Q: 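Shown below is the structure under consideration.
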Number of protein chains: 2
Amino acid sequence: MASLGELERAVMDLLWAGHEAATANTLRDRLAQTSVGRDGAAGHEGKELAVTTVLTVLSRLEKKGLVERERGTRPHRYQAVSSREDHTAELMHEVLGSAPDREAVLARFIGSVSEGEAETLRKLLGHL
Amino acid sequence: MASLGELERAVMDLLWAGHEAATANTLRDRLAQTSVGRDGAAGHEGKELAVTTVLTVLSRLEKKGLVERERGTRPHRYQAVSSREDHTAELMHEVLGSAPDREAVLARFIGSVSEGEAETLRKLLGHL
DNA sequence: TAGAGTTTCTACAGAACGTAGAAAACCTGC
DNA sequence: GCAGGTTTTCTACGTTCTGTAGAAACTCTA
């Protein structure tokens with residue numbers, strides 16, 4: 001229940017962007033600004049998505065527990081349940097969790113981390 | 001291109017088990033021993049899979065680059081391309097890679113690691 | 001209250017996956 | 001060398017997930 005489709009991810013990116021801007025968004029705002037992931041991704045350049053499409057995706061994301069909406073206000077407000085960072089970290093734990101030998105995995109993982117990041121990790125582990 | 005279905009994962013588990021036992025396996029062996037993930041997983045208890053089913057799954061896994069087979073010998077020999085640990089670590093990097101703020105993710109990740117594992121990480125990071 | 005925006009319901013097409021039969025290719029004991 | 005079993009390939013079907021969106025219902029605001 002963890003993986004997202006391309007459009008679902010694009011929508012999450014929107015919400016996360018809003019998260020950073022500390023605004024719970026109505027769809028329209030964001031859609032207007034960004035044309036929902038239709039910019040970078042190959043092949044979809046000129047395409048304009050129907051609003052209902054985005055709504056559908058949001059509902060699915062809600063069902064998956066990634067998005068939360070306030071139904072009180074009329075244009076509902078949608079927001080990501082957790083920040084992108086939290087979500088990603090959680091995903092990493094999910095991946096790790098499925099392994100019988102967690103420490104071995106961690107060893108490999110650390111082995112291929114950049115020096116800068118290794119430094120960060122050392123710091124983080126320092127004060128625990 | 002990263003996520004596996006339930007049966008695909010079960011088959012990988014078989015191959016990984018063989019990997020640890022340092023044996024490149026023929027299907028039959030393993031199937032006989034383990035009845036392909038039909039033990040633990042809920043709902044599938046008595047089910048017996050057709051051999052062709054497993055073969056199909058193996059082909060798909062091969063196409064995904066997770067499995068490798070020697071076509072020379074007659075009963076082909078199948079094996080995982082990388083160990084479970086390597087594969088898992090790689091997956092973690094994949095997840096991490098998609099984040100704009102990697103260090104923030106790492107911070108969260110570390111935050112919810114057990115003390116024992118934190119200790120392991122410290123050691124690993126020590127000699128780099 | 002009419003019109004515009006928003007949400008829900010329903011639906012369809014394509015891909016991925018679980019599943020397996022039919023047929024072809026191959027080996028082994030006789 | 002061949003009959004019969006084993007293994008592989010090809011093909012296919014049903015289900016689920018995802019992208020996509022129309023039609024209809026709902027709800028504000030002028």
Side-chain angles (χ1 to χ4, degrees), chain A residues 1-15 24-32 34-79, chain B residues 1-15 24-32 34-79:
Chain A
M1 256 286 169
S3 81
L4 301 182
E6 188 176 356
L7 179 54
E8 289 178 326
R9 179 158 301 276
V11 168
M12 285 311 293
D13 279 341
L14 276 195
L15 292 182
N25 307 289
T26 64
L27 263 296
R28 268 302 183 210
D29 312 351
R30 296 256 142 240
L31 287 181
T34 59
S35 68
V36 196
R38 287 302 175 231
D39 16 64
H44 296 285
E45 279 71 20
K47 207 77 165 300
E48 201 53 61
L49 285 180
V51 181
T52 51
T53 298
V54 182
L55 264 295
T56 302
V57 168
L58 277 168
S59 292
R60 288 176 185 164
L61 289 170
E62 193 186 17
K63 191 169 303 171
K64 291 186 188 181
L66 295 183
V67 161
E68 194 170 59
R69 79 169 96 185
E70 299 170 32
R71 286 191 145 84
T73 66
R74 185 46 186 187
H76 294 177
R77 294 188 163 252
Y78 304 83
Q79 58 194 328
Chain B
M1 254 290 168
S3 81
L4 301 183
E6 189 176 355
L7 179 54
E8 288 177 329
R9 180 158 300 276
V11 169
M12 285 310 294
D13 279 340
L14 277 194
L15 292 182
N25 306 290
T26 65
L27 263 295
R28 268 298 183 216
D29 311 351
R30 297 255 141 238
L31 287 181
T34 58
S35 69
V36 197
R38 285 302 174 231
D39 14 63
H44 297 283
E45 278 70 19
K47 206 77 166 302
E48 200 55 60
L49 285 181
V51 181
T52 51
T53 299
V54 183
L55 264 294
T56 302
V57 168
L58 276 169
S59 291
R60 288 177 184 165
L61 289 170
E62 194 186 16
K63 191 168 303 174
K64 291 185 189 183
L66 294 183
V67 162
E68 193 170 61
R69 81 169 96 185
E70 298 170 34
R71 285 192 145 85
T73 67
R74 184 47 187 188
H76 294 177
R77 298 192 156 248
Y78 304 82
Q79 59 194 328

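Quick note: numbers below take in every heavy atom, side chains included, and nothing from hydrogens, waters or symmetry partners. Note that the coordinates shown come from a computational prediction; the quantities given were computed from them, not determined experimentally. Within every chain, numbering begins at 1; the chains are lettered A, B, ... in the order of the sequence lines, protein sequences first and strands thereafter.
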Q: Which heavy-atom pair separates B:Arg71 from B:Glu62 by the least distance, and what is that distance?
A: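 Answer, listing the atom of B:Arg71 first, then B:Glu62: NH1-OE2, 3.3 Å.
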Q: Rounded to whole Å, please give me the gap between CZ in B:Arg69 and P in D:dT7.
A: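 That distance rounds to 13 Å.
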Q: If each of A:Thr73 and A:Glu8 is mapped to the nucleotide of DNA chain D with the nearest heavy atom, which maps nearer the 5' terminus, i.e. the 5' end?
A: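 Taking each residue's closest nucleotide, the earlier one in sequence belongs to A:Glu8.
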Q: From the list D:dC26, C:dT19, C:dA25, which nucleotide is the closest neighbour of the side chain of B:Arg74?
A: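 Of the candidates, C:dA25 comes closest.
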Q: Could you tell me how far apart B:Met12 (CE) and C:dG18 (P) are, to the nearest whole angstrom?
A: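 For the pair B:Met12 CE and C:dG18 P, the rounded distance is 13 Å.
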Q: Starting at atom CG of A:Leu7, determine the distance to atom P of C:dA15, rounded to an integer number of angstrom.
A: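 Rounding to the nearest Å, CG of A:Leu7 and P of C:dA15 are 16 Å apart.
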Q: Any side chain to side chain donor-acceptor pair (under 3.5 Å) pairs touching residues 49-60 of chain B, not counting sequence neighbours?
A: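 Residue pairs with at least one partner in residues 49-60 of chain B: B:Ser59-B:Arg69.
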Q: Shortest non-hydrogen contact from A:His76 to A:Thr73?
A: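 Taking every non-hydrogen atom into account, CD2-O, 3.4 Å.
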Q: Could you tell me whether A:Arg71 contacts a base, only the sugar-phosphate backbone, or nothing, with contacts defined as non-hydrogen atoms closer than 4.0 Å?
A: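 If one applies the 4.0 Å heavy-atom cut-off, A:Arg71 turns out to touch the sugar-phosphate alone, with no base involved.
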Q: Expressed as a whole number of angstroms, how long is the span from B:Arg9:CZ to C:dA16:P?
A: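 Interatomic distance, CZ of B:Arg9 to P of C:dA16: 17 Å.
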Q: Can you name the closest pair of heavy atoms from B:Leu4 and B:Lys64 and give their distance?
A: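 Here B:Leu4 and B:Lys64 meet closest at CD2-NZ, 3.8 Å.
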Q: Name the nucleic acid region contacted by B:Ser59, choosing base, sugar-phosphate or nothing; use a 4.0 angstrom heavy-atom cut-off, strictly under.
A: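 Nothing: the residue B:Ser59, judged by heavy atoms under 4.0 Å, touches no strand.
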Q: Quick check on C:dT7: is either OP1 or OP2 less than 4.0 Å from any side-chain nitrogen or oxygen of A:Tyr78?
A: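 True: A:Tyr78 side-chain N/O within range (under 4.0 Å) of C:dT7 OP1/OP2.
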Q: Just how far, in rounded Å, is C1' of D:dT8 from CD of B:Glu70?
A: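 Computing the B:Glu70:CD to D:dT8:C1' distance gives 16 Å.
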Q: Map A:Gly72 and B:Thr56 onto DNA chain D by nearest heavy atom, then report which one ends up closer to the 5' terminus.
A: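 The residue mapped nearer the 5' terminus is B:Thr56.
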Q: Under 4.0 Å: is that the gap between some side-chain N or O of A:His76 and OP1 or OP2 of C:dT7?
A: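 Checking A:His76 against C:dT7: at least one side-chain N or O falls below 4.0 Å of OP1 or OP2.
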Q: Please tell me which of the listed nucleotides, C:dT7, C:dC17, D:dT18, lies nearest to the side chain of A:Thr52?
A: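 Looking only at heavy atoms from C-beta outward on A:Thr52, the closest nucleotide is C:dT7.
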Q: Report yes if a side-chain nitrogen or oxygen of A:Lys63 is closer than 4.0 Å to either non-bridging phosphate oxygen (OP1 or OP2) of D:dC17; otherwise report no.
A: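 For D:dC17, OP1/OP2 do not have a side-chain N/O of A:Lys63 under 4.0 Å.
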Q: What are the two closest non-hydrogen atoms of A:Gln79 and A:Leu15, and how far apart are they?
A: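 Shortest heavy-atom separation between A:Gln79 and A:Leu15 comes out as C-CD1, 4.3 Å.
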Q: If I take atom CG in residue A:Leu55 and atom P in nucleotide C:dT7, what distance separates them, rounded to the nearest angstrom?
A: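 For the pair A:Leu55 CG and C:dT7 P, the rounded distance is 6 Å.
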Q: Nearest-Å distance, CG (A:Leu58) to P (D:dT20)?
A: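 Rounding to the nearest Å, CG of A:Leu58 and P of D:dT20 are 14 Å apart.
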Q: So, is A:Thr53 close to the D:dA21 phosphate, meaning a side-chain N or O under 4.0 Å from OP1 or OP2?
A: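 Looking at the OP1 and OP2 atoms of D:dA21, one of them is under 4.0 Å from a side-chain N or O of A:Thr53.
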Q: Within this structure, what is the CZ-to-P distance between B:Arg77 and C:dC26, rounded to whole angstrom?
A: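 It is 18 Å, rounded to the nearest whole Å.
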